[in-house]
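We count residues from 1, following the sequence as given. When reading the values below, keep in mind they use all heavy atoms of this one structure, side chains included, and skip hydrogens, waters and symmetry mates.
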Amino acid sequence: MYNNNKKHSVPVEGDLEMKKYLNIDNARIQKMLEIKLKVFNKEITPAEARKLVNQTFDRVSAEEFAYGEQHLFNAGITDEIMAEGMDDILEVFKDVLVVDNLNLPKGHPLQTYADEARAIEHVLSEMEQKLSAKFIKNEWLDIYTKLSQINVHFSRKQHQLFSALERKGFDRPSRIMWTFDDRVRDAIKDAFDLLKANQDKEFIDAQPQVIHLVRDILEKEREVLYPTSLKLLTDAEFAEMRKGDDEIGYCLIENPPVYLTSHSENQSPKVDNKNSLLTDLQEVLAKHGLNTQSSSKDEVLNVSNGKLTLDQINLIYKHMQVDLSYVDENDIVKFYTDSKHRIFPRSPGVIGREVQNCHPRESLSMVEAIIEAFRKGEQDQADFWIDKGDKFIYIIFNAVRDDEGNFRGVLEMMQDVTHIRSLKGSRRLLSWDNSTSEIYKDKNINTESSKMNVKETISKVETQIEIEPKTLIGTIVGEYPFIKDFLGTLSSDYKRLANPVVFKTMKNIATLDMISKVGGFKVDHLIKLIKQEIADKG
């Protein structure tokens, strides 16, 4: 239901933050707002509004359209109303909204999004062709394995691009487009579930809607989001964004090349998380009267219980088998741990972002309820657990308070406790779980003799699950988590499985037969290698 407040004269003289970065004519924006509000208030139909727009404007730029969307909030158009009516508004401006080709160099983050969109469009075309052909389940499984990678596209957009836009005062994408992303994701997942459940007719019937939703979100990105981003963000900001993109990964394309500006000094696309963390810690220490700017990272600091250097603090965080993140008392994300135990993808773009913009609108009320209860002193902890197929994730939110009891923020702790839940009895003797190779490091052990004994043991090891060409990769990793990292050592094509978003997509659909073809292995040989690794780690 659209807004019932008959307001359609919203002054735009009170410029928004984002106008500082744009060349905007307030009079034009005023006319656009009045037409949009008439549509939202159902005073005129979208068809009537489209005719009025065509009479009023020869062209409307993407940044003008976006600036108007940002202003609508002041007119009482909430995020919910905006999400419901966005399709109508885009249809109203369809004839005059100018969409220019990006024509950006390879490696530029926006060009990467465009390249991914083109790859996704190829998948959609393949889907349309299959709809008029004989239904073959394996072919559709392959298509949906590829299509589901759009979640990586969404994740990078939500954590990287939205974050940069919010710093320029443009927060409507993260508050509205995230909803559209979720609709696409859910439609793909629901259709995929139908396919795997052998509900062929229902699956085929769902395809037109899936195709429509995917094309619709790509169109919204192309027509408004990317052109506006190009106007709001500097080349240096895009170069910095590119450094964090690898943390999340890419959808259906190879990793793009490094994107450097003429002022770039760092030739690596990888973010120096170590130096970034040290900088953040220095800022925190400076607030407490410790001047670290003129001292080295090796200077010993008095922490709560002990003496540590910044370098040692950083190493401790990197090796914690718990994923930590901290939001301060102003709801700003200040810190997260960069470790291999990270549960969900994150990138440096999240730092400095309002925590409310880091969550989809549907879960925002719960996040705000937790923070408010902590802020008021009503609660100190909230915990959750998630069964993610092969993983069981335990999450704790703790209120952070100083010695006087003042609320100073929220600490989130997240851990994969799958292995912990499986433990029984006691272990009182030393046993190396990670690798039998640890045995060989003892110079007092006869290496060759030990290897022979290990080989004898391997031949007697039986796997807990049946491993054959049709076995799902998720089933294997669920029983033997180390296989995910092992596959990455066999082929660079398998390294994408380390990305949580990609693995979540692949685990319940990709069989060893499919995996072997991706990596260029014969399936029997791949199975042999996996069984050998299981035996070695057993």
Side-chain angles (χ1 to χ4, degrees), residues 159-160 163-164 166-167 236-237 239-248 258 260 263-355 358 374 395-416 434 498 500:
H159 292 89
Q160 289 282 89
S163 178
E166 286 160 14
R167 290 192 289 270
E237 287 170 318
E240 187 64 27
M241 188 187 303
R242 170 64 186 87
K243 296 176 184 178
D245 281 353
D246 283 346
E247 292 285 322
I248 297 175
V258 180
L260 300 172
H263 303 290
S264 299
E265 295 179 359
N266 184 5
Q267 299 299 306
S268 171
K270 296 289 287 182
V271 171
D272 190 346
N273 290 301
K274 181 176 179 180
N275 288 338
S276 177
L277 174 59
L278 293 176
T279 300
D280 290 341
L281 289 171
Q282 286 173 339
E283 292 176 357
V284 172
L285 292 169
K287 290 180 180 179
H288 294 275
L290 292 172
N291 182 14
T292 63
Q293 298 301 316
S294 60
S295 55
S296 73
K297 64 180 181 180
D298 295 322
E299 179 183 357
V300 176
L301 304 170
N302 289 316
V303 294
S304 296
N305 291 293
K307 296 177 181 289
L308 294 169
T309 65
L310 285 176
D311 195 43
Q312 289 171 329
I313 292 171
N314 179 56
L315 288 171
I316 290 171
Y317 278 129
K318 286 180 73 70
H319 287 80
M320 277 187 177
Q321 296 194 32
V322 179
D323 191 359
L324 304 178
S325 60
Y326 169 64
V327 176
D328 72 6
E329 63 270 29
N330 299 312
D331 297 349
I332 303 300
V333 180
K334 303 295 288 186
F335 169 80
Y336 68 86
T337 50
D338 174 37
S339 78
K340 64 181 181 180
H341 302 286
R342 191 182 305 163
I343 305 298
F344 297 111
R346 289 195 181 110
S347 68
V350 74
I351 302 301
R353 194 177 188 189
E354 291 185 9
V355 68
C358 298
F374 287 175
I395 305 169
I396 304 176
F397 293 90
N398 271 126
V400 177
R401 307 189 191 280
D402 60 23
D403 292 340
E404 287 72 41
N406 299 312
F407 176 70
R408 299 298 299 275
V410 179
L411 179 67
E412 178 188 22
M413 293 167 280
M414 192 179 307
Q415 186 176 12
D416 178 1
N434 59 329

> Is Arg401 reaching over with its side chain to a backbone N or O of Phe374, donor-acceptor style, under 3.5 angstrom?
Replying inline: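 Confirmed, Arg401 side chain pairs with Phe374 backbone.
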
> How about Phe397 and Leu411: do any of their side-chain heavy atoms sit closer than 4.5 Å?
Replying inline: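 Sidechains of Leu411 and Phe397: no contact.
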
>> Test side chain to side chain contact (heavy atoms under 4.5 Å, CB included) on Glu354 and Ile332; report intermediate values, then the result.
In response: CA-CA 5 Å; Glu354 291 185 9; Ile332 303 300; 3.8 Å; yes

>> Quick check on side-chain hydrogen bond (donor to acceptor under 3.5 Å, both in side chains): which of Arg167, Glu166, His159 does Ser163 satisfy it with?
In response: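 Of Arg167, Glu166, His159, side-chain hydrogen bond (donor to acceptor under 3.5 Å, both in side chains) with Ser163 is met by Arg167 alone.
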
> Between Asp328 (side chain) and Asn330 (backbone), is there a donor-acceptor pair under 3.5 Å?
Replying inline: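 Pair found, side chain donor or acceptor close to backbone of Asn330.
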
>> Is any side-chain heavy atom of Tyr326 closer than 4.5 Å to one of Val410?
In response: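 In short, these two side chains do not touch, never coming nearer than 4.5 Å.
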
> Looking at CG of Asp403 and CZ of Arg408, how far apart are the two atoms once the value is rounded to the nearest 0.5 Å?
Replying inline: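 It is 10.0 Å, given to the nearest 0.5 Å.
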
> Between NZ of Lys243 and CG of Leu260, what distance do you get to the nearest 0.5 Å?
Replying inline: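 Reported to 0.5 Å precision, the distance equals 8.0 Å.
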
> So do the side chains of Asn314 and Thr309 get within less than 4.5 Å of each other, counting heavy atoms only?
Replying inline: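 Of all side-chain heavy-atom pairs linking Thr309 with Asn314, none is under 4.5 Å.
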
>> Would you say that Leu301 contacts Leu310 through its side chain, given a criterion of any heavy-atom pair below 4.5 Å between the two side chains?
In response: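 Leu301 vs Leu310: side chains touch.
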
> If we only count heavy atoms from C-beta on, is the Lys307 to Val303 side-chain gap below 4.5 Å?
Replying inline: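 No, side chains not in contact.
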
> Do Glu412 and Ile395 come within less than 4.5 Å of each other through their side chains, counting heavy atoms only?
Replying inline: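 Glu412 reaches Ile395 side chain to side chain.
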
> Any side-chain heavy-atom pair from Asn398 and Met413 closer than 4.5 angstrom?
Replying inline: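 Answer yes - side chains close enough.
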
> OG1/Thr337 to CD1/Ile316 distance, rounded to the nearest 0.5 angstrom?
Replying inline: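 Thr337 atom OG1 to Ile316 atom CD1 measures 13.0 Å (nearest 0.5 Å).
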
> Donor-acceptor pair, Gln160 side chain versus Met241 backbone, under 3.5 Å?
Replying inline: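 A pair under 3.5 Å: yes.
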
